[in-house]
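Encoded as structure tokens, the structure appears first; notes follow it.
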Amino acid sequence: MSLDSLKSRLPDYAKDLKLNLGSVIGNSELPAQQLWGTVLATAIASRSPIVLRELEPEAKANLSPEAYQAAKAAAAVMAMNNVFYRTRHLLSDHEYGTLRAGLRMNVIGNPGVEKVDFELWSFAVSAINGCGMCLDSHEQVLRKAGVERDTVQEAFKIASVVQAVGVTLDAEAVLAQPAE
């Protein structure tokens, strides 16, 4: 299982995705931990079994055990936070924004890896889950920490391509099954 295997599974009509997958992961300028943590967290967030099965082994091989667990934790906590904060933001009644969240999210304060890496992974997952409030929050933390816009954009490029690959391969898997 590998990036090449995943690219080979993409249909001809998704040639752009194949090329983009190779460039955003294969030619990334992110440090290995930031890159593979972003890949793992977004593969989980994509909800695509195919993408996760193909990318997880390479991510695991390129991450320390602590970073591997932290990337999975970023995907998990942001799955919750993105729904909560996106809903709070979308509701017309802004009083919900004044209420205590009452949700545990201790891993954000102590992720077991560099805070910037965890923030980048959380940002990328938020891009897939479409939570503008979380995107703004994590982007601001990253920028305050000195992370350049190019790096932030690289994370959401990875997220967009991983998500698109997942959607495409999952659709192809469904279409390959006989109709009931």
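A continuous path of hydrophobic side-chain contacts links V77 to V125 [ILVMFWY only; heavy atoms under 4.5 Å]. L99 and L91 fall within a single hydrophobic cluster, where Ile, Leu, Val, Met, Phe, Trp and Tyr side chains are chained together by heavy-atom contacts under 4.5 Å. Under the 4.5 Å side-chain contact rule for hydrophobic residues, L55 and V167 do not share a cluster. Two different hydrophobic clusters hold V141 and V147 under the rule that ILVMFWY side chains link at heavy-atom gaps under 4.5 Å.
Residues A75 and A41 share a closest heavy-atom pair of CB-O, 3.7 Å. For the pair F118 and A70, the tightest heavy-atom approach, listed with the atom from each and the gap, is CE1-O, 3.3 Å. Here the closest non-hydrogen pair linking Y85 and C134 is CB-SG, 3.9 Å. The two residues S126 and H138 come nearest to each other via the heavy atoms OG-CD2, 4.0 Å. Listed here is the closest heavy atom pair of A159 and A127: CB-CB, 4.2 Å. Heavy-atom minimum distance, A45 versus I128: O-CG2, 3.8 Å.
Using a 4.5 Å heavy-atom threshold, the side chains of P11 and T168 count as touching. Using a 4.5 Å cut-off on side-chain heavy atoms (C-beta onward), R149 and R143 make contact. Considering only heavy atoms from C-beta on, L6 stays 4.5 Å or farther from L10 through its side chain. Counting only heavy atoms from C-beta outward, the side chains of E56 and Y68 approach each other to under 4.5 Å. Side-chain contact between N62 and L35 is absent, with no heavy atoms from C-beta onward closer than 4.5 Å. By the 4.5 Å heavy-atom criterion applied to side chains, T42 and S160 are not counted as neighbours. Side-chain contact between L63 and Q33 is present, with at least one heavy-atom pair separated by less than 4.5 Å. The closest side-chain heavy-atom distance from N129 to V83 is not below 4.5 Å.
Between the CZ atom in F123 and the CD atom in E139 there is a gap of 6.5 Å [rounded to 0.5 Å]. Rounded to the nearest 0.5 Å, atoms OG (S122) and CE (M78) are 5.0 Å apart. Rounded to the nearest 0.5 angstrom, L135 CG and F156 CZ are separated by 9.0 Å. Taken from CE in M133 to CG in L90, the straight-line distance is 10.5 Å, to the nearest 0.5 Å. Atom NZ of K157 is separated from atom OG1 of T38 by 13.0 Å, given to the nearest 0.5 angstrom. To the nearest 0.5 angstrom, I50 atom CD1 is 7.0 Å from R53 atom CZ.
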Working for side-chain hydrogen bond (donor to acceptor under 3.5 Å, both in side chains), residues E54 and S5: CA-CA 7 Å; E54 292 289 343; S5 175; 3.0 Å; yes
Are W121 and V113 close enough, and set up right, to give a side chain to side chain contact (heavy atoms under 4.5 Å, CB included), and what steps lead you there? CA-CA 11 Å; W121 304 336; V113 294; 3.9 Å; yes
Going through the distances and angles, do E154 and S28 end up as a side-chain hydrogen bond (donor to acceptor under 3.5 Å, both in side chains)? CA-CA 8 Å; E154 190 139 354; S28 176; 2.5 Å; yes
Would V174 and D170 count as a side chain to side chain contact (heavy atoms under 4.5 Å, CB included) here? Give the steps. CA-CA 6 Å; V174 168; D170 289 352; 5.8 Å; no
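Among residues two or more places apart in sequence or in another chain, the side-chain hydrogen bond (donor to acceptor under 3.5 Å, both in side chains) test is passed with Q34 by D117.
For R47, the CZ atom sits in a loose shell: 12 or fewer heavy atoms of surrounding residues, nucleotides or ligands are nearer than 6.0 Å.
Formation of a donor-acceptor pair under 3.5 Å by the S46 side chain with backbone atoms of A43 is found in this model.
Within the structure, the salt bridge (Lys or Arg N to Asp or Glu O under 4.0 Å) test picks out no pair touching residues 69-93 (sequence neighbours left out).
Evaluated for a side chain to side chain contact (heavy atoms under 4.5 Å, CB included) with K7, the options L19, N20, L21 yield exactly one hit, L21.
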Under 3.5 Å, which donor-acceptor pairs link side chains of residues 102-110 to any protein atom two or more places apart or in another chain?
none

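E172 has no carboxylate O lying under 4.0 Å from a charged side-chain N of R9, or vice versa, which leaves the two without a salt bridge.
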